[in-house]
Amino acid sequence: MKRISLLILACVISTTAMAQNAVDVHSHNIFPFLREFLLRHGASEEETFPLPEWNESEHLKFMDEAGIQTSLLSMPAPHPCYGDIGECCGIVRRYNTECAILKSKYPGKFLFCASLPLPDVKAAVKEAVYALDTLGADGIKIATNTRGLYVGDAALDTLMEVLDRRGAVVVLHPHRPVPVNETIISVAPLAVYEYPAETTRAVVNMIIRNVPSRYGNIKFVIPHCGSFLPLALPRMKSVYGVMEAAGGVPAIDWDNNLKNFYYDLAGGLTPDVMDALLSVTTPLHLLYGSDYPYLPVGVLVGNMERLRSMLSRDRRVARYADDILWKNARRLFRTDKELTK
């Protein structure tokens, strides 16, 4: 009886510890100047969802409640480019600089992914170099498309070369598709269907052009439980196998395209979704993500509790619970020397 009690206590302590160490790789911050900029351009609901309120103290409070030690910040949609690239460069530089200040102000609490002034590739390269080399950005956030320029497009190869040389982590995030059906999104907000479809579209575009294979030092984080990719990949392999045999398309390096993909668990993780993810990746490529502040704090805290419970009950991933909640992220972003040796 005493042994059973000790085992139960050990499990409780272990579960509590892994929660307090969590690293959130999918969270956003909306500085007041960014909100004002978007309001000035009439873009506060461009993504069919109101911009939530954000401030650092409330974010830190949420982290304490959810047992999150570190949050990776990235700029939310919409992308701040409305025809004036100089204006876009200014907003992006200010955002990246403010994030670097926040990271310095709260050591160990905030990391950040720099934003880039795409679709101007030359300006984006310049900002990426400055953000990574001078500001100490932990990664780069790239929208699935920026005003119609999709990730995977040949125009972005110059940027990918720069990121590859630095072994950068690229965090993808869906933005409003181009084009988009206005009738559909008037009743079904982008987050319902278009965002998962948009993410999948962008990743498929990268795979078709062998971008992850050609730039093998870049690690890509795919949001929202991989979106539709676990469903798309088997069909894609089947279709492309036939077309490749007929000489209709270039060869796809499947293994090297997929090996550097990581998947955040923000947005609707269920046992069925976990099954789908494990059909295309391993537990060592899964990362916790909250999507703060786009859902109420109570919902996000509940999501974390359900995730802990799911991880402890699933035999395939139970021994990887700490990896999924924090160790994988610390290895990926090289924030723990002991883990990255």
Side-chain angles (χ1 to χ4, degrees), residues 3-27 59-73 108-111 138-139 169 171 219-227 229-230 258-292 295 297-341:
R3 183 180 179 184
I4 293 174
S5 299
L6 288 173
L7 286 172
I8 293 172
L9 179 61
C11 288
V12 170
I13 292 171
S14 176
T15 301
T16 303
M18 73 180 184
Q20 297 303 319
N21 285 334
V23 176
D24 182 358
V25 304
H26 189 145
S27 68
H59 198 152
L60 289 166
K61 182 180 177 183
F62 156 67
M63 290 166 62
D64 285 341
E65 290 183 33
I68 297 167
Q69 184 175 27
T70 306
S71 287
L72 178 72
L73 303 170
K109 301 303 290 183
F110 290 123
L111 306 176
D138 300 282
V169 178
V171 171
K219 304 292 192 298
F220 294 92
V221 179
I222 303 172
H224 303 132
C225 303
S227 296
L229 197 62
L258 300 177
K259 73 176 184 179
N260 284 333
F261 284 167
Y262 291 74
Y263 303 83
D264 82 45
L265 301 180
L269 181 69
T270 65
D272 288 342
V273 173
M274 180 66 84
D275 289 344
L277 275 171
L278 293 178
S279 74
V280 299
T281 192
T282 74
L284 293 178
H285 279 227
L286 301 180
L287 309 162
Y288 167 69
S290 70
D291 221 342
Y292 182 87
L295 289 172
V297 166
V299 171
L300 295 178
V301 171
N303 287 347
M304 171 62 96
E305 292 171 355
R306 282 187 289 277
L307 174 61
R308 293 201 309 267
S309 177
M310 186 188 306
L311 294 178
S312 67
R313 288 184 285 107
D314 190 326
R315 292 180 181 179
R316 298 165 303 173
V317 297
R319 67 191 181 99
Y320 297 104
D322 282 348
D323 295 289
I324 293 168
L325 285 171
W326 63 278
K327 287 185 178 180
N328 290 343
R330 294 207 176 278
R331 280 189 285 259
L332 180 62
F333 291 98
R334 306 184 186 102
T335 60
D336 193 317
K337 291 181 181 179
E338 289 302 312
L339 291 176
T340 53
K341 282 181 180 177

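We count residues from 1, following the sequence as given.
Put simply, OG on S27 and CZ on F110 are 7.5 Å apart, with the number rounded to the nearest 0.5 Å. Put simply, CZ on F333 and CG on L72 are 4.5 Å apart, with the number rounded to the nearest 0.5 Å. How far CG of N260 is from NZ of K219: 4.5 Å, rounded to the nearest 0.5 Å. Interatomic distance, CZ of F62 versus CG of L295, reported as 9.5 Å (0.5 Å rounding). To the nearest 0.5 angstrom, C225 atom SG is 5.5 Å from L265 atom CG. From L284, atom CG reaches atom NZ of K327 across 10.5 Å, with rounding to the nearest 0.5 Å.
Put simply, the side chain of D264 never gets that close to the backbone of L287: no donor and acceptor are under 3.5 Å apart. Put simply, the side chain of D291 never gets that close to the backbone of A266: no donor and acceptor are under 3.5 Å apart. A distance-only check finds no donor-acceptor pair linking the side chain of T281 to the backbone of L278 [under 3.5 Å]. No side-chain donor-acceptor contact under 3.5 Å links S227 to the backbone of L229.
Residues S71 and K109 have side chains not in contact (no heavy-atom distance under 4.5 Å, counting atoms from C-beta outward). Side-chain contact between I68 and Y288 is present, with heavy atoms from C-beta onward closer than 4.5 Å. The shortest side-chain heavy-atom distance between N21 and L325 does not fall under the 4.5 Å cut-off. M304 has its side chain out of reach of S290: every pair of non-hydrogen atoms, C-beta onward, lies at least 4.5 Å apart. No side-chain heavy atom of T335 sits under 4.5 Å from any side-chain heavy atom of T70.
Of all non-hydrogen atoms in E65 and V297, the two that sit nearest each other are OE1-CG1, 3.5 Å. Residues G226 and Y263 approach most closely at CA-CD2, 3.6 Å, considering heavy atoms. Residues M274 and L311 share a closest heavy-atom pair of CE-CD2, 4.2 Å. Residues Q69 and R330 approach most closely at OE1-NH2, 3.1 Å, considering heavy atoms. Here the shortest heavy-atom pairing between V23 and A329 reads CG1-CB, 3.6 Å. Counting all heavy atoms, side chain and backbone alike, V280 lies closest to P230 at CG1-CA, 3.8 Å.
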Between S312 and R308, does a side-chain hydrogen bond (donor to acceptor under 3.5 Å, both in side chains) hold up when you go through it step by step? CA-CA 6 Å; S312 67; R308 293 201 309 267; over 6 Å; no

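Under a 4.0 Å N-O distance rule, the pair D314/R319 does not qualify as a salt bridge. Taking 4.0 Å as the cut-off between side-chain N and carboxylate O, D138 and R334 do not count as a salt-bridged pair.
Checked against the 6.0 Å centroid threshold, H285 and F261 do not count as a close aromatic pair.
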